[in-house]
Amino acid sequence: METPEQRIKIAVQKTGRLTDHSIDLLERCGLKLTRSKDQLILYGENMPIDLLLVRDDDIPGLVSEDVCDLGIVGLNIVEEKRLGLESEGRPALFRQIYELDFGHCRLSLAGPDGHQYEGPESLENTKIATSYVHLLRNYLKTIGVSAESVYFSGAVEIAPKLGRADYICDLVSTGGTLAANGLEEVEVLLDSEAVVIQTQAPLGDQKQALVDKILQRLDGVLQVRESKYIMLHAPRAALSEIRDLLPGSEAPTVMPLDGSDDKVAIHAVCRENVFWETLENLKAAGASSLLVLPVEKMLA
Ligand code: PRP
Ligand code: ZN
């Protein structure tokens, strides 16, 4: 029988910008989930993997305390936690093992529209409101500027209007929040995306093997997002030119066409999106009967 200790626990953001995408990615890796009554745990039906839905800021802590084996969380939160622990002389007991290429955003400094900003020296002796105190202090130290960081746990963007700060340091995704609050971005401190972190505690062979399998499936899931299967007919003479035009493809399959000596069929997996322009270039090179199909699954 499987004991609870043999099941992998993954901490995932409960409600927020990473939630749906995180769950969707794991489901695409083949995990079937059922919700618990209290909605705080998603149980894996077909694999010993459960998801714990928690506040994103708690994820690095849960993983370092070994309550969860893995976590899916923004790099911004991972780095803030890591610097925070470092400042207390404690090591981070989690490591980043995978970049998920979604949830892209940036941690930026912003000031009121129309204010004078002449580079980082304009920050000298100002007040900056943020929830990312450690990342902000680290940045200020790196550029050699002294400014006061004012901690806000949320709604950082209203700090300048309240007269509590001159600048803010917060996450920017679409920029909508800044615009709505009459703020303009002046510096980017960190580019962030969703990442997978794993506890430093050894998982044991069985659990580690399952983690490795999930990561391999994630590779496949992330690759097929962009990948396309392309089929076309081409004159034999144009083969090498056409091969060069196929975006991100390795050795294509070349097959003779029934009843034709000088034409071949070419099939290839393109690991990049295929745009109209590419198709037009292929056609100009002599290709015909072009067909582009989505790729459902891929295992390298
Ligand atoms: C961030 C940030 C802004 C908003 C920016 O909050 O604090 O409020 O997103 O996004 P935009 O540029 O698309 O407008 P988030 O949604 O991550 O919530 P949280 O800070 O409460 O975790
Ligand atoms: Zn948050």
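Read the numbers this way: they start at 1 and go in the same order the structure lists the ligands and their atoms.
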| field | Heavy atoms from other residues, nucleotides or ligands near CZ of R164 exceed 12 (cutoff 6.0 Å) | value |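 No, because the 6.0 Å sphere around CZ of R164 holds 12 heavy atoms or fewer from other groups.
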| For Q116, does the CD atom have more than 12 heavy-atom neighbours from other residues, nucleotides or ligands under 6.0 Å away? | no
| Which word best sums up how the rings of Y117 and Y167 line up, parallel for under 30°, tilted for 30 to 60°, or perpendicular for over 60°? |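 Perpendicular, since the angle between the ring planes exceeds 60°.
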Please list, in number order, the atoms of ligand 1 under 4.0 Å from a heavy atom of [X].
X: S173; result: 10 (O), 11 (P), 12 (O), 13 (O)
X: D56; result: 22 (O)
X: T174; result: 11 (P), 12 (O), 13 (O), 14 (O)
X: G175; result: 11 (P), 12 (O), 13 (O)

| query | Any idea which part of T177 is under 4.0 Å from ligand 1, heavy-atom wise: side chain, backbone, both or neither? | reply |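 Answer for T177: both.
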| query | Is there a side-chain hydrogen bond (donor to acceptor under 3.5 Å, both in side chains) between T177 and E157 once you walk through the steps? | reply | CA-CA 8 Å; T177 304; E157 56 275 0; 5.6 Å; no
| query | Charged N to carboxylate O below 4.0 Å: is that the case for E280 and K283? | reply | no
| query | Between R7 and D50, is there a salt bridge with N-O shorter than 4.0 Å? | reply | yes
| query | Does any N or O atom in R17 lie less than 3.5 angstrom from one in ligand 1, N or O only? | reply | yes
| message | So, regarding V172 and ligand 1 (criterion: nitrogen or oxygen to nitrogen or oxygen, under 3.5 Å), is there a contact or not? | response | no
| Does G154 have a heavy atom less than 4.0 Å from any atom of ligand 1? | no
